2 protein chains.
Amino acid sequence: MDRRIAKTRQSIFEAFIELMGEKSFEKITINEIAERANVNRGTVYLHFTDKYNLLDQCIETYLHLLEESCMPDGALNRVPSKKLLLSTFEFLEQNATIYSVLISGQGVPVFRNRMMEMTKQGVEQYIKESDLNPGVNEEVMVQFLSVGITGLLEWWMVHSMPCKPEEMVDQVLLLLASLERGLTVQGSHLFINRNS
Amino acid sequence: MDRRIAKTRQSIFEAFIELMGEKSFEKITINEIAERANVNRGTVYLHFTDKYNLLDQCIETYLHLLEESCMPDGALNRVPSKKLLLSTFEFLEQNATIYSVLISGQGVPVFRNRMMEMTKQGVEQYIKESDLNPGVNEEVMVQFLSVGITGLLEWWMVHSMPCKPEEMVDQVLLLLASLERGLTVQGSHLFINRNS
DNA sequence: TTGATTTTGTTCAATTTTCAACATATTGGG
DNA sequence: CCCAATATGTTGAAAATTGAACAAAATCAA
């Protein structure tokens with residue numbers, strides 16, 4: 001349950017991500033990674049079987065760190081806690097150089113997809129415990145919210161965080177609240193509009 | 001002749017300097033340094049005998065790196081090479097977080113003094129090989145130039161580098177050129193003004 | 001001042017990283 | 001296609017780092 005990445009692994013990850021920001025995954029060599037990380041080439045093989053395993057572990061590791069910033073003790077809250085949401089944005093802001101590469105790195109949509117998946121888990125829980133208008137397809141709802149939130153985060157990061165975490169949190173909460181209100185109280189209108 | 005600081009030493013140095021930016025030298029403990037550097041406390045003692053030795057080595061190391069950015073192969077040029085001057089400013093810009101603490105850190109004027117000394121060496125060489133008006137006291141000249149250049153660098157760094165390295169280089173070269181011209185051609189005027 | 005707490009400096013066994021060498025595989029230019 | 005250069009993956013011995021324990025010194029609040 002170590003909250004920190006072991007020193008050597010971390011420097012290898014960071015070198016690897018740095019390189020991913022510069023060139024495509026296939027063009028990156030273990031030699032480059034080791035050199036950039038100030039680590040012996042053998043040490044890389046001590047931690048990872050090959051380049052692909054390194055990519056896997058890198059993604060899982062940073063996804064897990066991100067997850068911890070959302071839900072420190074696996075707490076799934078019905079109402080997205082403002083405090084937790086804020087700590088997530090702040091975490092991303094802090095580690096922007098890493099996550100902006102991971103989330104929109106050239107030719108590696110794996111992280112993006114895994115992050116979507118993770119977000120989906122949270123959203124599903126949120127939806128399930130909300131008493132929304134049963135006329136709305138839950139699957140559609142989940143998809144819509146997940147892709148929306150993930151995309152919003154991505155936009156925020158690749159545009160070098162044009163606004164403060166606090167503002168983003170307010171925006172997100174406002175969006176969610178409006179949506180929920182709209183879907184419970186005026187659910188029927190939505191259907192009418194859709195069919196007209 | 002390793003151009004790089006060994007990994008562990010570097011992280012200890014960086015942790016130490018970071019702490020120097022936050023509190024006075026006396027208040028810093030080896031425990032803190034080791035923890036901040038993600039290094040075992042014993043490892044610190046493996047490299048340094050104590051806190052004071054760490055300070056010494058830290059200063060000498062970073063002074064030496066700075067020196068290399070000025071004179072890559074110990075080359076003392078009569079005319080300060082624009083290229084070298086630029087590379088120095090760029091080096092300082094790159095490592096601003098480190099050098100701005102070192103040069104104006106709370107209660108540790110050692111680095112500042114040692115840097116002055118180093119600058120003095122270069123200036124002395126420069127003066128000696130210039131054919132300035134013999135009426136000007138060489139000692140005074142050296143002192144004036146050394147303190148001027150060092151102070152200019154310090155100002156630039158602690159003010160978060162308000163202008164680009166190129167501009168600074170142009171400014172410095174302009175200053176030196178004017179001074180030299182003024183002292184050779186119009187040396188006597190200077191004396192007259194001084195005594196009037 | 002006293003006593004509790006933290007820091008210091010040292011030791012040594014266990015662990016991790018490095019280094020050099022090796023055979024093999026892959027790549028890219030002529 | 002061929003060949004030279006580069007990258008890969010593995011090995012074992014050497015070197016560096018860690019972790020834990022220890023006694024002594026320094027710090028600090030009561």
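Letters go in sequence order (proteins before strands), and every chain restarts at 1. Since this is a predicted model, take the numbers as computed values, not measurements. Every heavy atom of this structure was used, including side-chain atoms; hydrogens, water molecules and symmetry mates were not.
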- Item | Comparing A/Ile30 and A/Lys7 on DNA chain D - which has the more 5′ nearest nucleotide | A/Ile30
- Once you round it to whole Å, what is the distance between C1' of C/dT7 and CZ of B/Phe25? 14 Å
- Roughly how many Å is it from CD1 in B/Ile12 to C1' in D/dT18, rounded to a whole number? 13 Å
- Note on the structure: Hits for ring-ring contact (aromatic ring centres under 6.0 Å, His included) against A/Phe13, two or more places apart or cross-chain, chain-then-number order -> A/Phe48, A/Tyr62
- Using whole Å, report how far CD of A/Glu26 lies from C1' of D/dA7. 16 Å
- Query: Would you find a donor on one side and an acceptor on the other, under 3.5 Å apart, between the side chain of A/Ser11 and the backbone of A/Thr8?
  - Reply: yes
- Is B/Arg41 side chain donor-acceptor paired with the C/dG9 base, going by distance under 3.5 Å alone? yes
- Message: Whether B/Thr8 contacts D/dT17 is assessed here as follows: a side-chain N or O lying under 4.0 Å from the phosphate OP1 or OP2. Is that the case?
- Response: yes
- Message: Is there a side-chain contact between A/Asn31 and the phosphate of D/dA7, meaning an N or O under 4.0 Å from OP1 or OP2?
- Response: yes
- Interatomic distance, B/Asn38 CG vs C/dT16 C1' [rounded to whole Å]: 15 Å
- Query: Counting distance only, does the side-chain N/O of A/Ser100 pair as donor-acceptor with the main-chain N or O of A/Val158 below 3.5 Å?
  - Reply: no
- The complete set of salt bridge (Lys or Arg N to Asp or Glu O under 4.0 Å) pairs with one or both residues in residues 11-21 of chain B, sequence neighbours excluded, reads B/Glu18-B/Arg36
- Message: Base, sugar-phosphate or nothing for B/Thr43? Non-hydrogen atoms, less than 4.0 Å.
- Response: base
- Query: With B/Glu90, which residues qualify under side-chain hydrogen bond (donor to acceptor under 3.5 Å, both in side chains), at least two apart?
  - Reply: none
- 5'-most contact on DNA chain C: A/His47 or B/Asp50, nearest heavy atom basis? B/Asp50
- Message: Nearest whole Å is fine: how far is C/dT17 C1' from A/Tyr45 OH?
- Response: 16 Å
- Query: Taking for each residue the nucleotide of DNA chain D with the nearest heavy atom, is it B/Asn40 or B/Lys27 whose nucleotide lies nearer the 5' end?
  - Reply: B/Asn40
- Sorted by first residue and then second, give each salt bridge (Lys or Arg N to Asp or Glu O under 4.0 Å) pair with at least one member in residues 49-63 of chain B; sequence neighbours left out. B/Glu60-B/Arg114
- Per the end-axis method with five pairs at each terminus, what is the bend angle of the helix from C/dT1-D/dA30 to C/dG30-D/dC1, to 10°? 70°
- Interatomic distance, B/Lys51 NZ vs C/dT8 P [rounded to whole Å]: 7 Å
- Message: Which is more 5' along DNA chain C, the nucleotide nearest B/Ile28 or the one nearest B/Leu46? Just name the residue.
- Response: B/Ile28
- Of all residues at least two apart in sequence or in a different chain, which pass the side-chain hydrogen bond (donor to acceptor under 3.5 Å, both in side chains) check with A/Asn31? A/Arg41
- Starting at atom CD of A/Glu35, determine the distance to atom C1' of D/dT8, rounded to an integer number of angstrom. 16 Å
